[in-house]
Amino acid sequence: MKAKSFQRVSSFEEAYKLVKESPRNKIVGGGLWLKKGGMDVDILIDLSQLGLDKIEDKKDYVEVGAMVTQREFEQSKLIPEMAREAVKAIMGPGFRNVATIGGSVYGKYGFSDVVTGLLGYKVDLVFYPEAVVSLCEYVKKPGFFDGILTHIRIYKENLKGFFKKVGITALDYPIINVSVTKGKEYRVAVGSRPLVGARCEKAEAYLNEGGKDFAKAAEIAVEELNFGDSISTKGDYKKQLALTYVRRGLEEVNK
Ligand SMILES: Cc1cc2nc3c(=O)[nH]c(=O)nc-3n(C[C@H](O)[C@H](O)[C@H](O)COP(=O)(O)OP(=O)(O)OC[C@H]3O[C@@H](n4cnc5c(N)ncnc54)[C@H](O)[C@@H]3O)c2cc1C
């Protein structure tokens, strides 16, 4: 990536004005994916002076600023355990000290461990200018939201959670990732198919209506999702892995 200039903005208004001026002006979080993408950028817009580096307890939810790093996220006791596990599965601590939660969620990368982990919770994304969108809706819609992601809100729930990333090595992109939570209801999500994480709504309905056969629930889950080939793996293999880990996740959250 080559950037012609770098601007540390002092307001959301200023940042948004720059974003709207040109598609070649880009918000920078940790800059890791921007750098890997190799795209030429006119202005890198830095949000680091806008107070987005905090994780705050807001009574009904925990609010995470977009500039919070993955490392701060995984170390915070305010963040639910399974979401922290999902983030800990990414690269090494040096990498996670730089990568931001905002860049990770906004980018909704197909392989994202962050998105699959967060789909186990009720999560809202807060954008400037004024918009609040659920993470489920955000990942379902093609394209990106026209705005600046300022915060993510993770609602407090009493949940048991399971997260699994399968990769060739610990430092690899996932072949598949799976999250399962059980609280008042079940949530099941599978990502890196190679498409971005998605909730398995039919499997969840089966379970939430009292279905107890976890192997059957896993079958329903993999049949309602699409699996395709990626550079390292065939779609059929991803599907088999998902089948196994959805079932194991359901067993785990029911112990
Ligand atoms: C080598 C490598 C390996 C990786 N492996 C994994 C892995 O195994 N699992 C995994 O889950 N992830 C992985 N990732 C992705 C990584 O975890 C981060 O999600 C990614 O780097 C984006 O975070 P960032 O802070 O670097 O974002 P940036 O690169 O700064 O930004 C990414 C995109 O989001 C936009 N953006 C950033 N912040 C905002 C905002 N607040 N509002 C609006 N737009 C914004 C940027 O303009 C850009 O388009 C990997 C990345 C790399 C480079």
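Whatever order the structure lists them in is the order used to number ligands and atoms, beginning at 1. Numbers for residues simply follow the sequence, beginning at 1.
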* To do: For the residue pair E157 and R187, establish whether any side-chain heavy-atom pair is separated by less than 4.5 Å.
  => yes
* Are the side chains of V105 and L118 in touch, meaning some heavy atoms are under 4.5 Å apart? ->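 In contact.
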Under 3.5 Å: N/O of [X] near N/O of ligand 1:
{"X": "G147", "value": "no"}
{"X": "G31", "value": "yes"}
{"X": "I27", "value": "yes"}

In terms of residue, atom name and distance, what is the protein heavy atom nearest to [atom]?
{"atom": "atom 20 (C) of ligand 1", "value": "W33 CB, 3.8 Å"}
{"atom": "atom 19 (O) of ligand 1", "value": "S104 OG, 2.8 Å"}
{"atom": "atom 27 (O) of ligand 1", "value": "G103 CA, 3.5 Å"}
{"atom": "atom 43 (C) of ligand 1", "value": "Y106 CD1, 3.4 Å"}
{"atom": "atom 24 (P) of ligand 1", "value": "G30 N, 3.6 Å"}
{"atom": "atom 4 (C) of ligand 1", "value": "Y173 CE2, 3.4 Å"}

* Decide salt bridge (charged side-chain N to carboxylate O under 4.0 Å, His left out) for K140 and E201; before the verdict, give the C-alpha distance in whole Å, the side-chain angles of both, and the deciding distance to 0.1 Å. => CA-CA 12 Å; K140 264 189 212 164; E201 291 171 7; 3.1 Å; yes
* **Step-by-step side chain to side chain donor-acceptor pair (under 3.5 Å) determination, D172 to T169** => CA-CA 5 Å; D172 259 313; T169 71; 3.2 Å; yes
Distance-only side-chain donor-acceptor flag, [X] / [Y], under 3.5 Å:
{"X": "T100", "Y": "Q70", "answer": "no"}
{"X": "Y206", "Y": "D213", "answer": "no"}
{"X": "N254", "Y": "Y186", "answer": "yes"}

For [atom], which candidate among [options] holds the nearest heavy atom?
{"atom": "atom 14 (N) of ligand 1", "options": "F127, F145, F111, F144", "value": "F111"}
{"atom": "atom 50 (C) of ligand 1", "options": "Y109, Y128, F95, Y16", "value": "F95"}
{"atom": "atom 42 (N) of ligand 1", "options": "T150, L149, I90", "value": "L149"}
{"atom": "atom 53 (C) of ligand 1", "options": "Q70, K36, K165", "value": "K36"}

Which of the numbered atoms in ligand 1 are under 4.0 angstrom from any heavy atom belonging to [X]?
{"X": "D172", "result": "8 (O)"}
{"X": "P174", "result": "8 (O)"}
{"X": "L34", "result": "29 (O), 30 (O), 48 (C)"}
{"X": "L32", "result": "21 (O), 26 (O), 29 (O), 53 (C)"}
{"X": "A66", "result": "41 (N)"}
{"X": "T100", "result": "23 (O), 24 (P), 25 (O)"}
{"X": "A99", "result": "25 (O)"}
{"X": "D113", "result": "7 (C), 8 (O), 9 (N), 10 (C), 11 (O)"}

* Asked: Are L171 and ligand 1 in contact, using a heavy-atom cut-off of under 4.0 Å?
  ->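 Per 4.0 Å heavy-atom rule, L171 does not contact ligand 1.
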* Asked: Checking salt bridge (charged side-chain N to carboxylate O under 4.0 Å, His left out) for the pair E185/K122: CA distance, chi angles, key distance, verdict?
  -> CA-CA 11 Å; E185 56 177 14; K122 177 173 160 25; over 6 Å; no
* Should D146 and K20 count as an ion pair when the cut-off is N to O under 4.0 Å? -> yes
* Could you label the plane-to-plane angle of the F144 and Y106 rings as parallel, tilted or perpendicular, counting under 30° as parallel and over 60° as perpendicular? =>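 Parallel: the ring planes of F144 and Y106 meet at under 30°.
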* Asked: Are K238 and F227 in a cation-pi contact, defined as NZ or CZ under 6.0 Å from the six-membered ring centre and within 45° of the axis?
  ->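 Not satisfied by the 6.0 Å and 45° rule.
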* Asked: Taking the six-membered ring for Trp, is the centroid-to-centroid distance between W33 and F111 below 6.0 Å?
  -> yes
* **Step-by-step side chain to side chain contact (heavy atoms under 4.5 Å, CB included) determination, V19 to N25** => CA-CA 6 Å; V19 168; N25 295 345; 5.9 Å; no
